Amino acid sequence: MLLEKIISISGKPGLYKLVSQLRNGFIIEDVTTKKKVSIGNSSQVSLLDNIAMFTVDKEVPLFEVFENIAKNQEYKEAISHKASDADLKDFMTVSLPNYDKERVYASDIKKLAQWYNILQKAGYITPESFVKAEPETLDPAQEEVSLDKDAPKKAAPKAEKPAAPKVKATSAAKAAPKSTHRKQG
């Protein structure tokens, strides 16, 4: 998914893309201006991939909500985050019909609309952006496939750990005198 590394930073407007990690922070890129800056570890960062919206029966990942909005809007810009609360609630009902009206506030819907429009203007909202990435597979030489369901499964061989050297205190070491320092006068 093209949206996996998009973040929001508390206290900073807009959305950012994680470019790389530094020893004491991150390099980020503003999704609209493409300007790169570094931020420290003390910044409060939220990965959009980890955010979900409440529905009556479960939590729906934010990107699924974005996908619903994109399909409803034909991948074009959505309602402005500055629209009236009533219009925003109507927008939310169309985007996520069973959203929890008690736990999803107007401010949440405003943020959702604002983020969607930022991503849409930056070119992140396309039919391809919601295609799930294929899971990574092992090297075919290492991967064994068994078509027989009843075949016993083999456990992977355990790697042998080198034995740690055992240290045994000898009576000579115990009886060795402690060295003392004398003051020279």
Side-chain angles (χ1 to χ4, degrees), residues 1-138 149 153:
M1 185 179 278
L2 297 174
L3 303 171
E4 288 173 335
K5 293 187 176 186
I6 304 298
I7 61 170
S8 169
I9 302 171
S10 183
K12 286 189 172 228
L15 293 173
Y16 302 87
K17 179 180 176 183
L18 281 174
V19 176
S20 66
Q21 186 171 357
L22 303 172
R23 187 178 49 173
N24 59 350
F26 300 95
I27 295 178
I28 58 171
E29 177 182 88
D30 187 305
V31 297
T32 53
T33 64
K34 307 293 186 204
K35 183 179 175 185
K36 292 181 183 175
V37 294
S38 63
I39 59 169
N41 284 335
S42 62
S43 299
Q44 290 183 340
V45 173
S46 298
L47 258 166
L48 267 56
D49 202 27
N50 293 338
I51 298 174
M53 301 287 295
F54 292 113
T55 63
V56 176
D57 54 344
K58 63 179 183 174
E59 293 180 14
V60 176
L62 188 61
F63 290 134
E64 284 184 32
V65 181
F66 282 159
E67 186 174 15
N68 292 347
I69 296 169
K71 288 177 181 175
N72 291 336
Q73 301 295 323
E74 298 177 353
Y75 298 92
K76 296 181 180 145
E77 192 172 345
I79 189 172
S80 170
H81 65 284
K82 295 180 181 178
S84 71
D85 286 356
D87 289 342
L88 287 165
K89 287 181 182 181
D90 290 342
F91 160 75
M92 192 66 193
T93 301
V94 171
S95 303
L96 191 62
N98 62 340
Y99 82 97
D100 190 335
K101 292 168 180 59
E102 292 179 13
R103 296 195 293 173
V104 177
Y105 303 109
S107 60
D108 299 328
I109 302 170
K110 286 180 183 186
K111 185 77 66 178
L112 174 72
Q114 183 181 26
W115 286 350
Y116 174 86
N117 287 332
I118 288 171
L119 292 171
Q120 193 278 332
K121 286 178 186 174
Y124 284 88
I125 303 293
T126 64
E128 297 79 31
S129 62
F130 296 104
V131 174
K132 300 220 185 308
E134 292 294 321
E136 292 182 27
T137 58
L138 298 173
K149 289 181 183 178
K153 294 182 179 174

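Bear in mind the structure is a predicted one, so any value in this text is a computation, not a measurement.
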Please report the interatomic distance OH(Tyr105) to CG(Asp100), rounded to the nearest 0.5 Å. 9.0 Å

Stepwise, does the side chain to side chain contact (heavy atoms under 4.5 Å, CB included) test hold for Val104 with Leu112? CA-CA 11 Å; Val104 177; Leu112 174 72; over 6 Å; no

Closest heavy-atom pair, Ala113 versus Leu88, reported as atoms and distance to 0.1 Å, is CB-CD2, 4.4 Å

Just how far is it from atom CG of Leu48 to atom CG of Leu119, taken to the nearest 0.5 Å? 7.0 Å

To the nearest 0.5 Å, how far apart are OG in Ser95 and CD1 in Ile69? 4.0 Å

dist Glu4:CD -> Phe63:CZ (nearest 0.5 Å) comes out at 8.0 Å

With a 4.5 Å cut-off on side-chain heavy atoms, are Gln120 and Gln73 touching? no

Is the number of heavy atoms from other residues, nucleotides or ligands within 6.0 Å of OH (Tyr75) greater than 12? yes

Identify, with sequence neighbours excluded, every residue that meets side-chain hydrogen bond (donor to acceptor under 3.5 Å, both in side chains) alongside Ser84. Asp87

Which atom pair, heavy atoms only, marks the closest approach of Tyr16 to Ile28? CD2-CD1, 3.7 Å

Can you check whether Ile79 reaches Asp90 side chain to side chain, under 4.5 Å on heavy atoms? no

Tell me whether Lys76 at atom NZ has more than 12 heavy atoms from other residues, nucleotides or ligands lying less than 6.0 Å away. no

Kindly compute the distance separating NZ (Lys111) from CG (Leu62), expressed to the nearest 0.5 Å. 11.5 Å

Note: Asp108 and Arg103 closest approach over all heavy atoms is OD2-O, 3.8 Å

NZ of Lys101: more than 12 outside heavy atoms within 6.0 angstrom? yes

Just so I know, are the side chains of Tyr124 and Ile118 near enough to count as touching, which here means a heavy-atom distance under 4.5 Å? no

Would a 4.5 Å heavy-atom cut-off, applied to side chains only, mark Tyr99 and Val56 as touching? no

When rounded to the nearest 0.5 Å, the distance separating CD1 of Ile125 from CD of Glu67 is 9.5 Å

Looking only at heavy atoms, which two atoms of Lys36 and Glu29 are closest? And how far apart? CE-OE2, 3.2 Å

Would Asp49 and Lys5 pass as an ion pair if we require N to O under 4.0 Å? no

Identify the two heavy atoms, one from Ala122 and one from Val31, that lie closest to each other, and give their separation to 0.1 Å. CB-O, 3.3 Å

Specify the closest pair of heavy atoms between Asn117 and Ala78, including all atoms of both residues, with the distance to one decimal. OD1-N, 2.7 Å

Please determine whether side chain to side chain contact (heavy atoms under 4.5 Å, CB included) holds for the pair Ile9 and Phe26, giving the CA-CA distance in whole Å, both sets of side-chain angles, and the decisive distance to 0.1 Å. CA-CA 12 Å; Ile9 302 171; Phe26 300 95; over 6 Å; no

Backbone of Lys82 reached by a side-chain donor or acceptor of Ser80 within 3.5 Å: yes

Do the side chain of Asn72 and the main chain of Val94 share a donor and acceptor less than 3.5 angstrom apart? yes

